[in-house]
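Written below as structure tokens is the structure these notes are about.
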Amino acid sequence: MKTRNILFALTLAITALTACTGKSDEERFVDNLMSKMTIDEKLGQLNLPVTGDIVTGQAQSSNIAEQIRQGKVGGLFNLKGAAAIREVQRIAVEESRLGIPLLFGMDVIHGYETVFPIPLAVACTWDTQAAETMARVSAVEASADGICWTFSPMADVCQDARWGRISEGFGEDPCLSAAMAAAMVRGYQHPECSAGQQLENPATIMACLKHFACYGAPEGGMEYYNVELSRYRMFNDYFPPYRAAVEAGVGSVMASFNTLEGIPSTCNNWLLTELLREQWGFNGMVVADYTAVQELRDHGIAHDKHEAAVMAIKAGMDMDMVSEAFLLLKDKDMQQYVNQACRRILTAKYRLGLFDDPYRYCDTLRCKTDLYTAEHRQTARSVAQKSLVLLKNENNLLPLSKNTRIALIGPLADTRPNMSGTWSVAATPWRYKTLREGLQDAATDKNNVLYAKGCNLTYDPELEARATMFGREMRDTRTDKAMRDEALAIARKADVIVAAMGESSEYSGECTSRTNLDMPDAQHDLLVELRKLGKPIVLLNFSGRPVVLNWENENLPTILQVWFAGSETADAVADVLYGDCSPSGKLAVAFPRSVGQLPMSYRRFRTSRPMDEGRDEFSKFQSSYIDCRNTPLYPFGYGLSYTTFEYSPVTLSANRLNIDQQVKATLTVTNTGDCDADETVQLYIRAMVSNPVRPVKELRDWQRIHLGKGESRQVEFIIDKHMLGFYNADGVYETQPGEYRIMTGPDSQHLQYTSISVE
């Protein structure tokens, strides 16, 4: 308690001196604390080890405890549980010389114990309030269990579905991704807080923007691999979500593993200092990814760990995750960099209120009342409903009657731990329903839901083991024939076959790059046999990425993309399947026809020999594939409903305007079907002539609206010079005069347009 009293007295003294010095309380506090620190204690603040095996009662004797007592640890991550964290925090506060509290971080990516859909699926809601709510609930639960720092949001734009970590981001579009990233920062840190304010509410946690930068564009879709982009593309295609998170006040940033312009992000001065801090004004702390500092040796840019540490800290890195390389920086000429990094970390702790109350996140009563509550679960269920995307619904097969006799078949139909999706490290899967249980609970009679697994995830047991790690295993030891025969027998008894197939939760995520995105072999073969029965089939496609569904699109009447919708997946899918709500998700990333099309984006540049507008088949001496159509199977922004919508032509309040003026674009959307539903109205813009060349269309705004059956709604968009502009290669935003095409519609491919002249 002695060190706590010293810090309290220091706080009072600083408050009294603030009026005289002109410095803020925060600055004065950190100044005084650093004046008392040794070089080893400063270096300790830069050290972020990992621990996950300490439970209550073990902290005192753990391997990390002595390091904490010596002031050699600035924070820990992936330690779960308020009681265990409180015990570790007590060692830091009461047994180290200066009593500096620790940061406790965790990968709270899409929920804590109440798990929301994976971020890619949340982006498919096109509902920024849903993203903000997900982060808010995540912060409430994580903070109740001792966590004050999350390594989220991941704002990496990705146009290549081979990259498994696309599941953690918000898709292919910088505009949509920017809105989602900013919303999540607000949710974690609370709307009224920013990186320059103390996060006073103990139910808020510090967000960490990652992975800076361009991590989602690796060559070949290979994890941790090289990225090579022009600065023009960086600023326009990849940087907007990062910048939006910074502008939203994100408290910390994590550097990415990849190289950019030949320099690893971990030691890239242009990224971490010139761009992030000097150009964008970021004033928080920067943390390395897991062992990334020492891995500068593996990149071939540093000879040893010490040189790697020097390069990283000079570039603007503040905290070293796991490598413990910064502990080597005792050279006199490194002290200015050490002081700078230490100051930023202490400032983050100050803003979190840890110096006022080191145990503010260790309320063991809150962890009994605020985790996995009925209210949180209902919120997660609502977001999950909105994230599901109806890709095909021939002859309105869906929704099903609750009296329908269903054959639920597939390896994803009755697996509990796979529902929450990848990177849900704090999940408690034993409490979550399987899809089978969810459909049985929703049906008029649970006996109307018959079940057979039908097949394993894939014929290859080694591949399945890699795709179901972290306790997600589900391989069946029966023969392929025995499982298939059982499934066919069950299917013959049913009116409709519901096939729960696709990827397992760990078939996507970090380090799950794929070269083949087709339905896994065993599942495809089972679908072929089920189709021969002549019964209607609804495919519930589980995946953490866009996949190739050519055969399924051609041969199955209905496809519902369910992603991994979190702890409430089962009930949310049942809600949509049985028509308690209409599907309203819109794709945040296109589904390709072939892996050979990747990377792909609707935001492509027009070429010197472009395909004619609206033409998709092969044409000699024009930009096209000889063996595949140019367009995706399902375009960006696409998603069907149980109703239909009619769009009126878009009209403008003026056809010519000065570059500093605004114009209003107006259209009317009518629900022409038989049920109430949500629709996302999308606005795209194209500069017809520009130097440099601009994409053929760019998403600039959207509105998600609710329409009752027969209802019409006027939708308005305000277009200004920012909406018409772009970043040049120096990162300067500019708008050029000329003709612009204004396009509106339900997705990026089905658009109507008008034009405007800007002077």
Side-chain angles (χ1 to χ4, degrees), residues 124-125 384-410 413 435 438-439 442-445 448-450 491 494-502 527 530-542 549-563 565 571-587 591 633-635 637-647 669-681 704-713 745-747 749-750:
C124 291
T125 68
Q385 292 166 355
K386 294 178 180 180
S387 73
L388 308 185
V389 184
L390 185 61
L391 300 176
K392 185 180 180 184
N393 194 24
E394 195 173 277
N395 299 320
N396 296 319
L397 177 56
L398 291 183
L400 300 175
S401 164
K402 293 184 180 180
N403 293 315
T404 303
R405 195 167 178 81
I406 291 173
L408 179 62
I409 294 171
L435 182 61
L439 296 188
T444 303
D445 182 347
N448 282 336
V449 180
L450 310 175
D495 303 314
V496 174
I497 299 168
V498 175
M501 297 186 179
L527 278 173
L530 290 171
R531 182 176 177 273
K532 291 177 182 178
L533 299 179
K535 294 179 181 288
I537 299 176
V538 176
L539 173 62
L540 302 179
N541 190 63
F542 286 83
L549 295 173
N550 293 326
W551 184 91
E552 292 77 8
N553 184 63
E554 292 172 4
N555 292 280
L556 305 180
T558 299
I559 304 173
L560 182 65
Q561 177 67 24
V562 298
W563 309 107
D571 287 334
V573 170
D575 292 337
V576 171
L577 203 64
Y578 286 126
D580 291 334
C581 61
S582 177
S584 58
K586 298 275 189 173
L587 293 178
F591 276 48
L633 182 63
Y634 305 115
Y638 173 83
L640 302 176
S641 171
Y642 289 157
T643 190
T644 52
F645 298 98
E646 182 179 285
Y647 283 64
V669 181
T670 303
N671 182 343
T672 56
D674 296 326
C675 70
D676 303 346
D678 288 2
E679 172 68 339
T680 300
V681 185
R704 183 181 170 111
I705 60 174
H706 181 80
L707 294 175
K709 62 179 181 180
E711 182 183 357
S712 296
R713 175 83 57 86
D747 61 64
Q749 200 163 290
H750 301 91

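Residues take their numbers from the sequence shown, with the count starting at 1.
- A side-chain donor-acceptor contact under 3.5 Å links Lys586 to the backbone of Gly639.
- Between Leu435 and Leu408, the closest side-chain pair of non-hydrogen atoms falls below 4.5 Å.
- Considering only heavy atoms from C-beta on, Val576 comes within 4.5 Å of Cys581 through its side chain.
- Residues Leu439 and Tyr578 have side chains in contact (heavy-atom distance under 4.5 Å, counting atoms from C-beta outward).
- The shortest distance between side-chain heavy atoms of Val496 and Leu400 falls below 4.5 Å.
- A 4.5 Å side-chain heavy-atom check between Leu560 and Leu391 finds every atom pair outside the cut-off.
- The shortest non-hydrogen separation linking Leu640 to Asn393 is CD1-N, 4.1 Å.
- Checked by atom type, the side-chain pair Thr404/Asp495 shows no donor-acceptor distance below 3.5 Å.
- Side chains of Leu540 and Leu577 form a contact here, defined as non-hydrogen atoms less than 4.5 Å apart.
- The closest donor-acceptor contact from the side chain of Ser582 to the backbone of Tyr642 lies under 3.5 Å.
- Trp563 places a side-chain N or O within donor-acceptor distance of the main-chain N or O of Ser387, the cut-off being under 3.5 Å.
- Sequence neighbours left out, the pairs with a member in residues 398-408 that pass salt bridge (charged side-chain N to carboxylate O under 4.0 Å, His left out) are Lys402-Asp580.
- Defined by atom type and a distance below 3.5 Å, a donor-acceptor pair is present between the side-chain atoms of Asn553 and Tyr634.
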Candidate pair Gln561 and Asn541, rule side-chain hydrogen bond (donor to acceptor under 3.5 Å, both in side chains), full reasoning: CA-CA 5 Å; Gln561 177 67 24; Asn541 190 63; 2.8 Å; yes
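- Using a 4.5 Å heavy-atom threshold, the side chains of Pro746 and Glu679 count as touching.
- Inspection of the Thr670 and Arg713 side chains reveals no N or O donor paired with an N or O acceptor under 3.5 Å.
- Looking at Asn671, its side chain does come within 3.5 Å of a backbone N or O of Leu707 through a donor-acceptor pair.
- Looking only at atom types and distance, the side chain of Asp575 has a donor-acceptor partner in the side chain of Gln385 under 3.5 Å away.
- Asp676 and Lys709 are not joined by a salt bridge, as no carboxylate oxygen comes within less than 4.0 angstrom of a charged side-chain nitrogen.
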